[in-house]
Number of protein chains: 2
Amino acid sequence: MKKVSIKDIAQMAGVASSTVSFVLNGKARKMRISETVEKRVLEVARTAGYYPNQLAISLRTGKSKTLGLIVENIGNIFFATLAKTIEEEAEQYGYRVVYCSTENNASKGKELINMLSQRQVDGYLITPAPHMEEDIQQLVQLQRPVVLIDRYLPAVEASHVLVNNAEAVGQGMAHLFSQGYREIGFVTVDLDVIQIEQRLDGYIAALSKEGIRLNKDIILKIPYTHHREDAIELIAGLLKNNPQLDALFFATNYLGILGLESINRLKMSIPEDIAVISFDDHDIFRLYPPGITSIQQPVEAIAKKAVALLMDQCENTDIRFDKTEVELTAKLIVRGST
Amino acid sequence: MKKVSIKDIAQMAGVASSTVSFVLNGKARKMRISETVEKRVLEVARTAGYYPNQLAISLRTGKSKTLGLIVENIGNIFFATLAKTIEEEAEQYGYRVVYCSTENNASKGKELINMLSQRQVDGYLITPAPHMEEDIQQLVQLQRPVVLIDRYLPAVEASHVLVNNAEAVGQGMAHLFSQGYREIGFVTVDLDVIQIEQRLDGYIAALSKEGIRLNKDIILKIPYTHHREDAIELIAGLLKNNPQLDALFFATNYLGILGLESINRLKMSIPEDIAVISFDDHDIFRLYPPGITSIQQPVEAIAKKAVALLMDQCENTDIRFDKTEVELTAKLIVRGST
DNA sequence: TTACACATCTAAAACGATTTTGCAAAATTT
DNA sequence: AAATTTTGCAAAATCGTTTTAGATGTGTAA
């Protein structure tokens, strides 16, 4: 079945295709199309089941009304809810979102940027993987609307919105101290991205503030491309080799989940044998007995702010925008694990 | 910064734009473009940073190389992994996927189909919400490639791939019986979709096979648009009002998770006070002590098969396809909860 | 010398919309 | 009555590609 185009409608209604376009775009008044013609066109379009070809519109107008969202891993609940919230938010502005995952791989990230460029997205929301500086800087230089989320690249002149990672970790550490924990291990990922660094910085700062000597042995950096099993073993090893530990701080939710599995296998109990706190909330943390204390990012606020920033750039492409840096506050959710 | 088009390249290289197109599409040989010209064009395109406008290509060729994927809720891990696997699978064929959620709302589903149609997707993968029969049948009648996943609509002439829901539940029930459980409650959702019905049918058939009288009081249908709290209360109520229950069968993973919370609040322990089994696996089920027995769908196989069916239709639009019905086997994962 | 094949490209139409410009007829002003 | 403006629509250009159908020149055979 052939699709019906604006030309077909024009022919059926006995008018020019431009007339159909005016009517269908509500410009009948402005273009002084008579009511008779307007009604006829509307009627014909309706009965013929006409719907416009978005590709053609985009090509002609130069606006695709689409945003590209590049996250680390859409399978992770943090990014999934972020994506969903961003989508809902963008819809308010009449924009669609297409999203994709880098898996923290720069070359995949480069490909994704290319793919999105080819599809003429109007703007980019990116959680940059390491070594994507150049590709993103290029977008900025081409004056493409770009907003970075969750982390940023110091070398790149792009606006960004993220949480106060260091302070949030500090808050979590203060909570641990107040509960009497002193020997606190830190499990993070061996990944060269700023928010992970900030979280470690927060840990170190908190220790020094409390006057505790930094012990590098109880900081575990797990390779990003770990296999499940290996990571679980590494964390278990940390616990076995450092029996003095009374608490573990996990830098992300997937690390926390792996940690639960390690603790489980060692038949240690939370919080009696070891207290647990993790960055990023997760269903499991709410449910897993006795409840895992975590640091919850304000996903909705992040999404709203990022989309707002991006929309601002999209709708005013003529203006040159300054780099805007937004830092939102994460929230400590205290549960039974501490 | 103005984007550079094929015309610009043509001008810079001193040739016609058709020549550029031939070269860039590797048709230089076929169109007998001289090597001199070919090299020059390639060089100019490279240094000018040319990349094609996918919109224009799609418009001209009539193929967008994009598939539309409509799921129930991209936030649910089952659909999220399904989506991701489908995306990876489609990539093998050189297709992109755009996905969106119905929230089981037919009117939202209708809108999504419209949106995807406007964007000229080449094919549709749909987990249909109730009452979407008409809209989907229309796609089929327009000869658009369509494959239904996870469930199907008896009234619609579209291919589909799903799991053997009834048998899988039967298998789970048989396992429960073999462990000595007799009083098995069934928690499902009040939703008029076929796979949910099949799961209930499987439960009823298993009971009758075992010679146990059906007790409607221990079948709980939770309204789909429940609030978390209400659902948890409903399940807790089921347990309180039926102290004879020794096991609960949950029809989906989100129901299972809600159930865990209910059981938690009643301070009942698994599996001593109540055994638990759920359809659809989830991270939580693997981790939550003592491990929740579940029925795992072969997500990867579903994705592969669905994409293969759809690709077949997309690449051979001339042929009229018969309705293909694929049923895959789900797998029982026994854990500590039973 | 003419015709014909071949090599090497170019011109132009098309995809489906939007938007600027053009133009005849009717209405209004001078 | 002539000049001007307004009305109501049509024509054509345009977006960036692909693709079909020539155009042009050169070497070869008749």
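The sequence lines fix the lettering, A, B, ..., with proteins before strands; numbering per chain opens at 1.
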In sequence, state the C-alpha distance, the side-chain angles, and the governing distance for A:Q141 and A:Q143, and then conclude on side chain to side chain contact (heavy atoms under 4.5 Å, CB included).
CA-CA 5 Å; A:Q141 255 159 10; A:Q143 308 243 32; over 6 Å; no

Hey, mind stepping through A:S107 and A:N105 against side-chain hydrogen bond (donor to acceptor under 3.5 Å, both in side chains) and telling me if it holds?
CA-CA 6 Å; A:S107 81; A:N105 175 335; 3.1 Å; yes

Between B:I86 and B:I149, is the side chain to side chain contact (heavy atoms under 4.5 Å, CB included) condition met? List the steps.
CA-CA 11 Å; B:I86 285 178; B:I149 335 177; 3.8 Å; yes

Quick one, A:V20 with A:K7, criterion side chain to side chain contact (heavy atoms under 4.5 Å, CB included). Give me CA distance, side-chain angles, the key distance, then yes/no.
CA-CA 8 Å; A:V20 177; A:K7 265 189 207 155; over 6 Å; no

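Evaluation of the salt bridge (Lys or Arg N to Asp or Glu O under 4.0 Å) rule for B:R96 yields B:E87 as partners, not counting sequence neighbours. Annotation: salt bridge (Lys or Arg N to Asp or Glu O under 4.0 Å) contacts of A:D135 (sequence neighbours excluded): A:K110. Residues passing the side chain to side chain donor-acceptor pair (under 3.5 Å) test with B:T19: none are found, sequence neighbours excluded. Listed by chain and number, the residues in a salt bridge (Lys or Arg N to Asp or Glu O under 4.0 Å) with A:E133 amount to none (sequence neighbours excluded). Partners of B:K305 under the salt bridge (Lys or Arg N to Asp or Glu O under 4.0 Å) rule, at least two apart in sequence or in another chain, do not exist in this structure.
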Within the 4.0 Å limit for protein heavy atoms, which parts of nucleotides 18-29 of chain D are touched? Write it as a string from 5' to 3', B for base, S for sugar-phosphate only, - for none.
BBB---------

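Sequence neighbours left out, the pairs with a member in residues 122-158 of chain A that pass ring pair (Phe, Tyr, Trp, His ring centres under 6.0 Å) are A:Y152-A:H160. A ring pair (Phe, Tyr, Trp, His ring centres under 6.0 Å) check over residues 70-112 of chain B, counting only residues at least two apart or in different chains, returns the pairs A:Y99-B:Y99.
At a threshold of 4.5 Å between non-hydrogen side-chain atoms, the residues A:D150 and A:V161 do not count as touching. Side chains of B:V140 and B:V156 form a contact here, defined as non-hydrogen atoms less than 4.5 Å apart.
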Please tabulate, one pair per line, each protein N/O and nucleotide N/O from nucleotides 22-29 of chain C that are separated by under 3.5 Å, including the distance.
none

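In this structure, A:N53 atom CG and C:dT18 atom C1' are separated by 13 Å, rounded to whole Å. Taking atom NZ on A:K65 and atom C1' on C:dT18, their separation rounds to 15 Å, with Å as the unit. What separates CZ of A:R32 from P of C:dT20 is a distance of 14 Å, to the nearest Å. What separates CG of A:L59 from P of C:dA17 is a distance of 12 Å, to the nearest Å. The separation between B:L55 atom CG and D:dT17 atom C1' is 11 Å, rounded to whole Å. B:K7 places its NZ atom 12 Å from the P atom of D:dA13, with the value rounded to the nearest Å. Rounded to a whole Å, the CG atom of A:D8 is 12 Å from the C1' atom of C:dA17.
Sorted by residue number, the list of members of residues 115-122 of chain A with any non-hydrogen atom under 4.0 Å from DNA chain D is empty. DNA chain D is contacted by no residue of residues 34-47 of chain B, taking any non-hydrogen atom closer than 4.0 Å.
Atom CG in A:L55 sits 14.5 Å away from atom CZ in B:R60 (nearest 0.5 Å).
The existence of a salt bridge linking B:E72 and B:R151 is confirmed by a sub-4.0 Å separation between a basic side-chain nitrogen and an acidic carboxylate oxygen. We find that B:E43 and B:R46 are joined by a salt bridge, their nearest charged nitrogen and carboxylate oxygen being less than 4.0 Å apart.
Rotation axes derived from the C1' atoms of the five outermost pairs at either end of the helix from C:dT1-D:dA30 to C:dT30-D:dA1 lie 80° apart, to the nearest 10°.
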